[in-house]
S.K.: 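Structure in structure tokens, see below.
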Amino acid sequence: MLEELFPALESTPLLRLATTMFASSSDAMMITDRANRIVAVNAAFTRLTGYSPDDVRGRDPRLLKSLATPAETFTAMWQGLQTDGSWTGEIWDKAKDGTIYPKLLNIAVVRDANGEVEHYLASFNDLTQRREDAERLAYLTQHDPLTRLLNRAAMEIQLQQALTRAQRDHGQLAVLLIDLDRFKTINDTLGHQIGDGLLIAVAQRLRDCLRASDVISRLGGDEFVVILPDLENAMSVTGIASKLKRGLEDRYPVGAHTLYTTPSMGIAMYPIDGDTTETLLRNADMAMYHAKSQGRNNFQFFAEGMNIAANERMRLEDGMRRALESTHLGSNEFHLNFQPQLHLGTGRIVGIEALARWTHPELGPISPVKFIPVAEETGLIQPLGDWVFWESCRQLRSFKDQGITDIRIAVNLSAQQLRHESLPSVVHGAMACYDLAPSEIELEITESVAMQNPAATIAILEQLSDMGIVLAIDDFGTGYSSLAYLKHLPIHRLKLDRAFVKDIETDRDDAAICSATIVLGHNLGLDLVAEGVETEGQRDYLQRLGCDVLQGFLYSRPLSADALVPFLKNWLADHPVDASGPRTR
Ligand code: C2E
Ligand code: MG
Ligand code: MG
């Protein structure tokens with residue numbers, strides 16, 4: 001091939017040498033002319049790229065290019081060739097069969113006697129194998145070969161990185177040290193192979209219970225360390241620890257055996273329990289021994305104060321689980337209250353908001369501000385939310401049967417409910433069961449929920465809106481959403497948060513926010529609802545701003561189902577709707 005390129009050279013020893021080197025080199029080689037057209041390639045080139053000499057002759061080497069190489073690399077390449085006459089670097093190319101592979105490329109410029117570019121000589125080899133070897137080696141040095149979890153050294157590096165992030169962001173993180181109870185007995189009596197099988201199964205349970213962003217590692221033996229970075233609040237650790245406890249204490253089928261083991265867990269938190277990897281690991285270890293001494297199969301925080309708070313939370317969680325399980329059996333720990341919404345234009349009560357209430361058998365009434373977050377963290381919001389929706393529909397049917405007409409019921413939805421694919425069918429099922437029209441149902445989602453994962457949120461909201469359900473944004477003004485973004489959501493109402501309504505008469509900023517929101521909301525075709533209206537002053541102010549609907553203690557506190565019906569009937573008697581024009585109260 002080289003002979004064709006240099007006919008003038010004929011068969012000199014030098015050309016024979018060059019030809020042999022070119023043909024037999026294990027590196028792929030490619031020669032291009034001054035216009036960068038391919039003039040010769042060797043056999044290694046064909047093996048690596050899949051292109052024969054005939055495929056590529058006369059073409060631009062760009063045909064080898066994949067999109068995976070950053071544009072800057074090519075810029076650097078041409079600059080190197082111009083200034084140094086050669087360039088070496090890594091680029092990603094595409095073989096004829098479409099495979100994308102990394103290669104180490106060297107290009108040299110060949111100039112003629114006058115210094116003009118004559119050829120470019122490129123040689124390269126495939127880095128895939130070397131990459132894979134390096135990755136395999138890195139994997140082996142970072143992982144426990146048995147469970148494939150991170151090993152201690154890798155975990156300590158991750159913990160250090162998480163600590164640095166938490167320090168920078170003023171965040172919190174938790175280190176959980178988990179020791180399996182009775183593991184030694186299992187290992188000693190059934191043998192190492194069964195013991196290993198159990199450890200592998202435990203590692204899998206840990207993965208199943210945790211998020212991908214959590215760090216899971218095995219220290220050795222039957223000890224595991226979990227790092228929970230970016231914690232929203234200290235108490236959510238309790239939820240995760242109790243989930244791990246439930247997940248790990250379940251039976252393990254290993255070989256022909258069914259094994260049982262339970263975890264003893266110690267928890268240390270940054271910043272309260274320490275700010276270095278060593279202190280956190282040591283304190284988690286001490287807390288783990290405390291858990292062992294408390295009778296195993298439990299978790300303990302290093303800081304004693306946290307244990308008290310965690311116990312209270314566990315009581316709420318256990319209580320809620322129990323109450324929800326027996327809700328179907330007629331337990332009435334949960335019930336709904338209803339707060340009326342007044343339409344200022346007509347003076348009519350046009351809606352009621354359903355608000356969940358829980359009376360714990362020992363702890364008494366518990367505010368939804370307290371139990372809804374626990375329900376969200378434990379996943380119990382799913383059954384609770386379903387119950388709230390069905391119960392709201394059941395009650396609305398009962399109000400209608402008692403002669404209350406033209407009223408809509410608003411139900412609060414949490415983020416998780418909105419993301420669950422069963423939502424439209426729950427809504428549809430309950431409406432059909434109680435023979436309600438979609439326009440009689442309103443769903444409230446908070447502003448922050450509407451802002452999460454916008455594409456998915458819009459899709460599900462559109463599905464609900466297409467069904468004819470009325471959608472409202474709750475607690476508006478507390479998040480960061482812009483009205484411009486809201487324009488893309490298929491919503492019908494905005495509920496101004498009561499924090500703004502509270503000082504509307506005295507705080508100029510709050511008044512300005514309310515006023516601007518009402519104007520802009522109206523321009524977007526939305527109805528405006530003000531929450532937490534307590535005084536006549538607030539009412540008058542909101543009325544002047546053109547607010548459509550008011551809700552708050554001024555009209556009524558949330559009422560039980562039994563109290564609501566007489567309230568609504570009395571309201572209608574006291575405020576007959578005047579056909580000659582809208583009236584307000
Ligand atoms: P929210 O949806 O913004 O509900 C309005 C809250 O404001 C209710 O508190 C209500 O009692 C209170 N409120 C109404 N008028 C006034 C007033 O004039 N002044 C004052 N100071 N407060 C007033 P509640 O019932 O304690 O509910 C608190 C939050 O709990 C609700 O806020 C809602 O986010 C959540 N929640 C309640 N029930 C449910 C439910 O079934 N599911 C979900 N996901 N969340 C719920
Ligand atoms: Mg609400
Ligand atoms: Mg609200």
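Both ligands and their constituent atoms are indexed starting at 1 by order of listing.
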S.K.: So, 4.0 Å and heavy atoms of K502: is ligand 1 close enough to count as a contact?
M.R.: no
S.K.: Take every heavy atom of Q551, measure it against each atom of ligand 1, and state whether any distance is under 4.0 Å.
M.R.: no
S.K.: Given that the side chain starts at C-beta and the backbone is N, CA, C, O, which of these parts of D474 lies under 4.0 Å from ligand 1, counting heavy atoms, or is it both or neither?
M.R.: side chain
S.K.: Answer yes or no: is there a donor N or O on one side and an acceptor on the other, between the side chain of R357 and the main chain of P365, under 3.5 Å?
M.R.: no
S.K.: Using a 4.0 Å cutoff against the non-hydrogen atoms of S414, which atoms of ligand 1 qualify?
M.R.: 44 (N)
S.K.: For atom 42 (N) of ligand 1, find the nearest protein heavy atom and state the residue, atom name and distance (0.1 Å precision).
M.R.: N412 O, 3.5 Å
S.K.: Using a heavy-atom cut-off of under 4.0 Å, does the side chain or the backbone of E531 touch ligand 1, or both, or neither?
M.R.: side chain
S.K.: Testing R498, R493, K495 one by one against E531 for a salt bridge (Lys or Arg N to Asp or Glu O under 4.0 Å), which residue passes?
M.R.: K495
S.K.: Does any N/O atom on E534 come nearer than 3.5 Å to any N/O atom on ligand 1?
M.R.: yes
S.K.: Could you identify the N, O or S atom of E444 positioned closest to the Mg ion (ligand 2)?
M.R.: OE1
S.K.: Got an N/O contact under 3.5 Å between A356 and ligand 1?
M.R.: yes
S.K.: Considering only protein heavy atoms, which is closest to atom 7 (O) of ligand 1, and at what distance to one decimal place?
M.R.: R498 NH1, 2.6 Å
S.K.: Provide, to 0.1 Å, the distance between atom 26 (O) of ligand 1 and the closest protein heavy atom, together with that atom's residue and name.
M.R.: P368 CG, 3.5 Å
S.K.: Does only the side chain of P558 get under 4.0 Å from ligand 1, or the backbone, or both, or neither? Count heavy atoms.
M.R.: side chain
S.K.: So, E333 and R322, do they make that salt bridge, N to O below 4.0 Å?
M.R.: yes
S.K.: Check whether any side-chain N or O of D214 sits under 3.5 Å from a backbone N or O of R211 as a donor-acceptor pair, and report yes or no.
M.R.: yes
S.K.: Inspect the contact between E325 and R321 and indicate whether a charged nitrogen and a carboxylate oxygen are less than 4.0 angstrom apart.
M.R.: no
S.K.: Please work out, at 4.0 Å between heavy atoms, whether the side chain, the backbone, both, or neither of Q339 comes within that distance of ligand 1.
M.R.: side chain
S.K.: Is a side-chain donor or acceptor of T164 paired with a backbone partner of Q160 at a separation under 3.5 angstrom?
M.R.: yes
S.K.: N/O of V388 under 3.5 Å from N/O of ligand 1, yes or no?
M.R.: no
S.K.: Can you tell me which residue and heavy atom of the protein come closest to atom 25 (O) of ligand 1, and the distance to 0.1 Å?
M.R.: R357 NH2, 2.8 Å
S.K.: What atoms of ligand 1 come within less than 4.0 Å of a heavy atom belonging to G552?
M.R.: 15 (N), 18 (O)
S.K.: Angle at the Mg ion (ligand 2), OD2 of D474 to OE2 of E353, rounded to 10 degrees, please.
M.R.: 180°
S.K.: Look at the N, O or S atoms of T446, main chain and side chain alike, and state whether any lies under 2.8 Å from the Mg ion (ligand 2).
M.R.: no
S.K.: So, D386 and Q417: side-chain donor and acceptor under 3.5 Å apart, yes or no?
M.R.: no
S.K.: For the atom pair CG (N283) and CG (L177), what is the distance rounded to the nearest 0.5 Å?
M.R.: 11.0 Å
S.K.: How close does the nearest protein non-hydrogen atom get to atom 13 (N) of ligand 1, and which residue and atom is it?
M.R.: F553 CE2, 3.8 Å
S.K.: What is the OD1(D475)-the Mg ion (ligand 3)-OE2(E531) angle, to the nearest 10 degrees?
M.R.: 150°
S.K.: Suppose we measure from atom 31 (C) of ligand 1 to each protein heavy atom; which comes out shortest, and what is that distance?
M.R.: L355 CD2, 4.3 Å
S.K.: Between E444 and ligand 1, which residue portion shows a heavy-atom distance shorter than 4.0 Å: side chain, backbone, both, or neither?
M.R.: side chain
S.K.: Are the side chain of S465 and the backbone of L461 linked by a donor-acceptor contact shorter than 3.5 Å?
M.R.: no
S.K.: Let me know which of D250, D181, N297 forms a side chain to side chain donor-acceptor pair (under 3.5 Å) with T262.
M.R.: D181
S.K.: State plainly whether the residues E317 and R246 are in salt-bridge range, i.e. N to O under 4.0 Å.
M.R.: yes
S.K.: Is the shortest side-chain N to carboxylate O distance from K370 to E312 below 4.0 Å?
M.R.: yes
S.K.: Kindly indicate, with the supporting measurements, whether the criterion side-chain contact (heavy atoms from CB on, under 4.5 Å) is fulfilled by D510 and K502.
M.R.: CA-CA 9 Å; D510 285 353; K502 191 162 156 272; over 6 Å; no
S.K.: May I ask you to identify, for D475, whether its side chain, its backbone, both or neither come under 4.0 Å of ligand 1 on a heavy-atom basis?
M.R.: side chain
S.K.: Looking only at protein heavy atoms, which one is nearest to atom 28 (C) of ligand 1, and how far off is it?
M.R.: V369 CG2, 3.8 Å
S.K.: Nearest non-hydrogen contact with atom 35 (C) of ligand 1 belongs to which option: I372, L413, I381?
M.R.: I372
S.K.: Could you check whether atom 9 (O) of ligand 1 has a protein contact, counting only heavy atoms that fall below 4.0 angstrom?
M.R.: no
S.K.: Is it the case that the side chain of Q538 and the backbone of T535 share a donor-acceptor pair, with hydrogens and angles ignored and the cut-off at 3.5 Å?
M.R.: yes
S.K.: Any side-chain heavy atom of L564 sitting closer than 4.5 Å to one from I404?
M.R.: no
S.K.: Does D497 bring an N, O or S atom to under 2.8 Å of the Mg ion (ligand 3)?
M.R.: no
S.K.: For L568, does its backbone N or O pair with a side-chain atom of N570 as donor and acceptor, under 3.5 Å?
M.R.: no
